[in-house]
Amino acid sequence: MISVFDDAEQLAQAAAERFVAAARAAVGVSGRFSVALAGGTTPRRVYKLLASDAYKNQLEWSKVHIFFGDERCVPPAHPDSNYRMARETLLARVAVPAANVHRIEGAGDAASGARRYEDELRAFFKGDEWPRFDLVLLGMGDDGHTASLFPHTHALAEEQAWVVANRVEKLRAFRITLTARAINHAARVVFMVAGAGKAARLAEVLHGARDPERLPAQLIRPLAGSLEWLVDRAAAESLPDADSSEETRATQN
Ligand code: 6PG
């Protein structure tokens, strides 16, 4: 499902609403809410909204468990850290217990960090064959990557692991990321894509030929969960009949 919004602010509000709705539903059913946060810049506004008076009192933060879709291999206080971004915009502003924040330890050996994070996930999703996050938030790069699943990288083919260290040559760096298979077991996946710079790639991902090696975001197809693309009008520019605002259209693929 693709929902188009007039601008990035309306997109962020819609994402915050989805977060609250998913949290309330999950807590109502299981007494807890597990969410994997996206990194980058688009989610910043979403997290700030969630921490604002308009949203933060709509959910029980003591029942929220925060995970991360991916992390850069830097210390938690590094400007590039997704954890740092989430802490500054959200985690330091709401009453989520520290024990409920499951950080990916990016600094140090990436493979060890990936293993430790997967161990933490397996402890949380006790005995499950795959993690079933109540919600996974994702962004999409202008190269079609999502989380740290970059084009033509080793992680794309991973079938067994929930988390891997992924060498990203173009960044000349390792990243730690959930695998596509782990993401695809989520109950709900929401992409947030804003800006004209994403328009061409978004159209390819959603309506172009299937080529997940080149367009990893195409790997994300929840097996038994929902998938929604929240996009602003600028990013939707190259989509068919992209003249609507807040219109919901079924995804072709
Ligand atoms: C990261 C993110 C990454 C991000 C995309 C889009 O660690 O950077 O996980 O997958 O979602 O690069 O980033 P923007 O939202 O900043 O465009």
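We count ligands from 1, going down the list as the structure has it; atoms in each ligand are counted the same way. Computed from a predicted structure; not experimentally measured.
Among Ala147, Gly141, Gly139, the residue whose heavy atom lies nearest to atom 3 (C) of ligand 1 is Ala147.
Protein heavy atom closest to atom 5 (C) of ligand 1, with residue, atom name and distance, is His145 NE2, 3.4 Å. Nearest to atom 15 (O) of ligand 1 among the protein's heavy atoms is Thr42 OG1, 2.6 Å. Among protein heavy atoms, atom 8 (O) of ligand 1 sits closest to Arg72 NH2, 2.6 Å. Considering only non-hydrogen protein atoms, atom 13 (O) of ligand 1 sits nearest to Gly40 CA, 4.1 Å.
Residue-to-ligand polar distances place Asn82 within reach of ligand 1: an N/O pair is separated by less than 3.5 Å. Not a single N or O atom of Pro43, backbone or side chain, sits closer than 3.5 Å to an N or O atom of ligand 1. At least one N/O-N/O distance between Asp70 and ligand 1 falls below 3.5 Å.
Cation-pi check for Arg32 over Phe124 is met; the charged atom lies under 6.0 angstrom from the ring centroid and within 45 degrees of its normal. A cation-pi arrangement, defined by a distance under 6.0 Å to the six-membered ring centre and an angle within 45 degrees of its axis, is present between Arg122 and Trp162.
Which parts of ligand 1 touch Thr146 is read off a 4.0 Å heavy-atom cut-off, strictly below it: atoms 10 (O). Shown in contact with Lys198 at under 4.0 Å from a heavy atom are these atoms of ligand 1, numbered in order with element: 14 (P), 17 (O).
In terms of modelled atom types and a separation under 3.5 Å, the side chain of Tyr117 and the main chain of Phe68 share a donor-acceptor contact.
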side-chain hydrogen bond (donor to acceptor under 3.5 Å, both in side chains) between Thr153 and Asn166, intermediate numbers included:
CA-CA 7 Å; Thr153 57; Asn166 194 28; 3.0 Å; yes

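Note: Phe125 and Phe133 meet the aromatic proximity criterion, with ring centroids under 6.0 Å apart.
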